[in-house]
> 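Here's a structure for you.
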Amino acid sequence: MNIFRLTGDLSHLAAIIILLLKIWKTRSCAGISGKSQILFAIVFTTRYLDLLSSFISLYNTSMKVIYIGCAYATVYLIYMKFRATYDGNHDSFRVEFLVVPVGGLAVLINHDFSFLEILWTFSIYLESVAILPQLFMISKTGEAETITTHYLFCLGLYRALYIVNWIWRYYFEAFFDLIAIVAGVVQTILYCDFFYLYVTKVLKGKKLSLPA
Amino acid sequence: AFSEIEKDEL
């Protein structure tokens, strides 16, 4: 464990908690893409199946349980409890165009053709594009609530910090996982235009609104 | 193969 990975995990945890609290406190999931949240629930489920089979550390296990629990709680709030506030019309990204190619790629390019390894690879590839329905929804509505932009900033920052963690591990532990690195770089690149808007607008107290 | 290395990242 290094400081970059720890702050990355805490940034990821902050994002998940911010979103859950935003929906719970405002009793509304307006502006939130339910499809992205379903994809994140799939990402955690397929990646953390080893929860049952291997124990790495209390930190590792507890974070996985929290991530999975919050992900399903968020999906539940969006599609069940506060479904009346779910903006289905703007959450129209065709996720099958993500899941099918990612599934095919995971079968073709992986470290080991075993069930758990292919699921893990699928989870890594899926995570890199899971935010697209959310970013697509914001481009369609042309704006995002400020709390949602903080959620997205923390979420984007987490994988950016993981990239620094991989550089650190490469030099100090001679460890690197090309699949995770390439997917992580793609994932972080997808946030770049949002990061630009976040820094130039939200941090200056303005509302995030895209030129419609 | 790679999968022998413990996957310790979240």
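In what follows, every chain begins at residue 1, and chains take the letters A, B, ... in the order their sequences are listed.
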> In chain order, what residues pass the salt bridge (charged side-chain N to carboxylate O under 4.0 Å, His left out) check against A:Lys35, with sequence neighbours excluded?
none

> List the steps and the verdict of side-chain contact (heavy atoms from CB on, under 4.5 Å) for B:Lys7 and A:Leu116.
CA-CA 11 Å; B:Lys7 287 195 189 325; A:Leu116 272 182; over 6 Å; no

> At a heavy-atom separation under 4.5 Å, does A:Asn110 approach chain B through its side chain, its backbone, both, or neither?
neither

> Between B:Glu9 and A:Arg47, does at least one N-O distance fall below 4.0 Å, as a salt bridge requires?
no

> What part of A:Tyr48 gets closer than 4.5 Å to chain B, counting heavy atoms only: side chain, backbone, both or neither?
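Contact with chain B involves the side chain of A:Tyr48 alone.
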
> How long is the straight-line distance from CZ of A:Phe175 back to CG of B:Asp8, given to the nearest 0.5 Å?
6.5 Å

> Which answer fits A:Asn60, side chain, backbone, both or neither, if we ask what part of it has an atom under 4.5 Å from a heavy atom of chain B?
both

> Mind checking what makes salt bridge (charged side-chain N to carboxylate O under 4.0 Å, His left out) contact with A:Asp50, not counting sequence neighbours?
A:Lys64

> Taking all non-hydrogen atoms of both residues into account, name the closest pair between B:Leu10 and A:Tyr162 and its distance.
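In terms of heavy atoms, the two residues are closest at N-OH, 3.4 Å.
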
> Do other residues, nucleotides or ligands put more than 12 heavy atoms under 6.0 Å from A:Phe115 CZ?
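No, CZ of A:Phe115 has 12 or fewer neighbouring heavy atoms, counting only those of other groups under 6.0 Å.
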
> Would you say OH of A:Tyr170 has more than 12 non-hydrogen atoms from neighbouring residues, nucleotides or ligands within 6.0 angstrom?
no

